[in-house]
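Order of the sequence lines fixes the chain letters, A, B, ..., with proteins taken first and strands second; residue numbering starts at 1 for each chain.
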Protein chains: 2
Amino acid sequence: MTEEPEAAPPERKRGSGARMVYDSLRDEILDLVLPPGSAIDEVQLAERFGVSRTPIREALVRLAGEGLVNTLPNRSTMVSNIDYLNLHTYFDALVLMYRVTTRLAAEHHRPADLEPIRAAQLQFAEAVAAQDALAMIDTNAAFHTAIAEAGRNPHFLAFFNRLLDQGRRILRIYYNAYEDRLPQEFVDEHEAMIAAVERRDVASADALAKAHGEQIAHKVQSLFLRGGRLDMEL
Amino acid sequence: MTEEPEAAPPERKRGSGARMVYDSLRDEILDLVLPPGSAIDEVQLAERFGVSRTPIREALVRLAGEGLVNTLPNRSTMVSNIDYLNLHTYFDALVLMYRVTTRLAAEHHRPADLEPIRAAQLQFAEAVAAQDALAMIDTNAAFHTAIAEAGRNPHFLAFFNRLLDQGRRILRIYYNAYEDRLPQEFVDEHEAMIAAVERRDVASADALAKAHGEQIAHKVQSLFLRGGRLDMEL
DNA sequence: CGATTCGTACTTGTCTACAAGCTGTGGACG
DNA sequence: CGTCCACAGCTTGTAGACAAGTACGAATCG
């Protein structure tokens with residue numbers, strides 16, 4: 001009774017172990033289930049996932065390559081901290097990628113590309129209507145990814161997706177710390193961006209994306225800056 | 001006599017194995033010693049580096065994360081091919097990062113930042129004077145990296161460095177295939193960029209970086225496009 | 001009583017062994 | 001003669017074991 005003989009029949013196929021561990025860990029980090037700065041123990045994870053340490057290490061190496069964990073040599077690896085002091089550099093990059101991907105979508109999209117964009121926008125609107133912050137974060141990222149894919153530049157797409165992933169952590173903290181109401185205006189801005197892309201209005205798409213991104217950046221930054229100032233006053 | 005007892009005394013320290021393999025493989029890929037599309041055999045590499053397959057695999061996972069190798073599940077991993085058909089997307093990204101990093105350097109640099117920039121520019125000028133294409137590729141990348149560091153945005157810096165790495169492969173092919181003379185004008189353009197950064201002239205820095213990047217892009221693309229057209233005519 | 005040094009336990013980095021999956025060849029059958 | 005299937009060899013993915021390096025605590029010395 002102390003151990004189940006076949007508690008979880010290893011129905012996972014060869015080659016899926018490392019990927020499964022990677023996906024799970026990545027989600028847990030981005031969803032703050034594993035908080036920034038927390039230590040990661042390979043043996044513990046190996047037991048939890050029912051695999052040996054080898055796939056665990058492979059997943060950790062990949063996560064380290066994406067900057068989601070930091071590995072200290074011969075010492076434990078930790079979930080990466082969020083650099084609140086340099087948040088502005090993050091938003092600089094994010095806004096630029098908002099602009100570039102939306103511009104390129106307006107230039108290069110094909111009519112069929114609009115379908116996934118509209119589908120993502122629909123889900124985003126539902127999340128906002130339901131005041132579901134977590135779903136809003138995900139569907140917003142999906143919406144912009146769909147636009148970036150219509151822009152057809154894989155380099156921008158990869159970089160953008162990395163930024164959006166990191167933003168997932170920041171936005172979770174934002175909505176956890178400060179129960180902001182989800183603004184309906186984001187939905188309208190998205191609609192305007194779709195319209196600009198559809199009529200291939202590059203200048204308008206750029207301007208809308210810039211305003212959209214800067215608005216988000218301003219909201220988040222003002223909160224964290226306030227928090228930072230509070231910390232300084234203690 | 002069949003085997004040396006201590007052919008290579010393993011003087012490598014614990015934790016250096018994977019890093020050494022990674023650095024070596026990365027250099028060999030970027031220097032085209034391992035040509036694009038060539039298969040990578042883990043056992044063979046393990047013998048070559050005198051380590052087991054584990055550090056080899058770790059290095060390969062990291063390289064795959066950077067897109068330098070492609071791993072087919074349960075099958076061999078290969079050195080990534082260069083996507084000649086979408087080169088324009090690469091140069092779009094590169095030119096944008098030229099512009100952004102130079103802009104930010106003009107805005108945010110501190111006087112001490114100019115020293116490494118000037119040092120890199122000196123080495124670049126020497127490489128051009130010596131008509132050493134390989135050194136020119138490296139020193140050009142170092143020059144722009146120094147500028148990007150003065151811009152103080154780690155996200156742009158990381159993305160830019162990735163692009164410059166990939167460009168190393170493309171430029172090697174360019175100069176191998178087509179013995180172009182190294183243009184002195186690149187040196188002058190660099191000098192102009194340094195001057196614009198130093199006097200914090202953002203608009204001028206942006207324009208110079210844009211022209212500089214587009215000139216390189218045009219040269220390389222015209223060659224590859226010509227090559228592509230030739231292939232079509234066969 | 002405090003600081004330093006030694007020892008012990010734990011964690012990671014690497015190695016070796018084994019099993020699953022793919023590739024290619026050979027033979028049999030239509 | 002062409003096509004399909006089975007087997008063999010090889011490569012990768014995973015497991016488990018071992019060694020090195022680190023951190024923490026205890027004991028000893030000043």
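- Here the closest non-hydrogen pair linking A:Thr89 and A:Asn86 is OG1-O, 2.6 Å.
- For the pair A:Arg75 and A:Ser16, nearest-nucleotide mapping onto DNA chain D gives the more 5' position to A:Ser16.
- In the set D:dT14, D:dT11, C:dG13, the nucleotide with an atom closest to the side chain of A:Thr71 is C:dG13.
- Between the P atom of D:dT11 and the CG atom of B:Leu45 lies a distance of 12 Å, rounded to the nearest Å.
- Atom-to-atom, CZ of B:Arg19 to P of C:dT14 comes out at 12 Å; the value is rounded to the nearest Å.
- A:Ile29 places none of its side-chain heavy atoms less than 4.5 Å from the side chain of A:Glu66.
- Side chain of A:Arg152 to backbone of A:Ala150: a donor-acceptor contact under 3.5 angstrom is found.
- Rounding to whole angstrom units, CD1 of residue A:Ile56 and C1' of D:dG13 are separated by 14 Å.
- Distance CD (B:Glu47) to P (C:dT16): 12 Å, rounded to an integer number of Å.
- Proximity of a side-chain donor or acceptor of A:Tyr90 to a complementary backbone N or O of A:Leu163 within less than 3.5 Å is detected.
- Distance, B:Glu58 CD to C:dT14 C1': 10 Å, rounded to whole Å.
- Checked against B:Val197 for a side chain to side chain contact (heavy atoms under 4.5 Å, CB included), the options B:Leu104, B:Thr102, B:Asp113 give a single hit: B:Thr102.
- Atoms CG (B:Leu72) and C1' (D:dT11) sit 12 Å apart, rounded to a whole Å.
- In the interface, the side chain of B:Arg53 is paired with the base of D:dG13 through a donor and an acceptor atom under 3.5 Å apart.
- Note: CD (A:Glu42) to P (C:dT14) measures 11 Å, nearest angstrom.
- Summarising the geometry, the separation between CZ on A:Arg57 and P on D:dG16 is reported as 17 Å, rounded to the nearest angstrom.
- Phosphate contact (OP1/OP2 of D:dA15, side-chain N/O of A:Ser52, threshold under 4.0 Å): present.
- Among the atoms of the strands shown, only primed sugar atoms or phosphate atoms (P, OP1, OP2) are found under 4.0 Å from some heavy atom of B:Ile40.
- Proximity note for A:Asn74 (side chain, C-beta onward) versus C:dC15, D:dG13, C:dG13: the nearest is C:dG13.
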